[in-house]
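Because only heavy atoms are used, hydrogens play no part in the values below, and waters and symmetry mates are left out as well, while side chains stay in.
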Amino acid sequence: MKTAQQLIAEAKAQVTEVTAREVQDALARGEALELIDIREQNEWSLGHAKPAQYIGRGVLESQIESKVPRDARVVLICASGNRSALAAKTLQEMGYSNVASLAGGFRDWVSTGGEVAG
């Protein structure tokens, strides 16, 4: 049996993590990427990264295919980077080949000056 922390550590070891600054810089350069916020609806409603679209973690697997092609560059964002790491691992298993987790999550997005909406 594994603890939540063990599962998160395993996921982080198996997925790419990018920083908020790296994502902000990529967007500023006009690079194509899909920033997907997977937090709960109430978290999203309090504020979110301006360029992000919302697909809650609970429905990610069932909704992602209709919204984001498998060959797209995808960056998942949650509050701190734990849920997004787990979700990135799942998307890899679904065939998404260019998926990453935002290390530090929305907290780091805000602390590095990322644009916020909501």
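In the hydrophobic clustering of this structure, V75 does not group with I38; members are Ile, Leu, Val, Met, Phe, Trp, Tyr whose side-chain heavy atoms approach within less than 4.5 Å, directly or through other members. Neither L86 nor V99 shares a network with the other; the hydrophobic side chains, linked directly or stepwise wherever heavy atoms of I, L, V, M, F, W or Y lie under 4.5 Å apart, form separate groups for each. One hydrophobic cluster, built from ILVMFWY side chains closer than 4.5 Å, cannot hold both V68 and V15; they sit in different ones. Residue V110 is not grouped with residue L46 when hydrophobic side chains (ILVMFWY) are merged at heavy-atom distances under 4.5 angstrom, including chains of intermediate members. Using a 4.5 Å cut-off between side-chain heavy atoms of Ile, Leu, Val, Met, Phe, Trp and Tyr, with links allowed through other members, V59 and I77 fall into different hydrophobic clusters.
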Exercise for review: Would you sort out whether I36 and Q53 count as a side chain to side chain contact (heavy atoms under 4.5 Å, CB included), showing the intermediate values?
Suggested key: CA-CA 5 Å; I36 309 293; Q53 68 173 301; 3.3 Å; yes

Review point. Does the side chain to side chain contact (heavy atoms under 4.5 Å, CB included) test come out yes or no for L60 and T90, once each step is laid out?
Key: CA-CA 9 Å; L60 180 66; T90 299; 5.9 Å; no

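Evaluation of the side chain to side chain contact (heavy atoms under 4.5 Å, CB included) rule for E93 yields K89 as partners, not counting sequence neighbours. For E65, the salt bridge (charged side-chain N to carboxylate O under 4.0 Å, His left out) partners two or more places apart in sequence, or in a different chain, are R70. Residues passing the salt bridge (charged side-chain N to carboxylate O under 4.0 Å, His left out) test with R73, sequence neighbours excluded: E31. Residues passing the salt bridge (charged side-chain N to carboxylate O under 4.0 Å, His left out) test with E43 are R83, sequence neighbours excluded. Remark: T16 engages V18, A100 in a side chain to side chain contact (heavy atoms under 4.5 Å, CB included) (not counting sequence neighbours).
At least one side-chain heavy atom of L33 sits under 4.5 Å from a side-chain heavy atom of L35.
Nearest heavy atom pair, residue E40 against residue Y54, reads C-OH, 3.6 Å. Across all non-hydrogen atoms, the minimal contact from E17 to G81 is OE2-O, 4.5 Å.
Atom NZ of K67 sits in a crowded spot, with more than 12 heavy atoms from other residues, nucleotides or ligands closer than 6.0 Å.
Distance check, rounded to the nearest 0.5 Å: CZ of R21 to OG1 of T19 gives 8.0 Å. Of the inter-residue distances, the one linking L76 atom CG with E34 atom CD reads 11.0 Å to the nearest 0.5 angstrom. Between atom CG of residue L27 and atom CD of residue E22 there is a gap of 12.0 Å, rounded to the nearest 0.5 Å. Going from atom NZ of K12 over to atom CD of Q5 covers 8.5 Å, rounded to the nearest 0.5 Å.
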If you look only at distance, which donor and acceptor atoms sit under 3.5 Å apart when one is on a side chain in residues 101-109 and the other is two or more places apart or in another chain?
from, atom 1, to, atom 2, distance (Å)
S101, OG, S84, OG, 2.6
S101, OG, A85, N, 3.2
W109, NE1, E115, O, 2.9

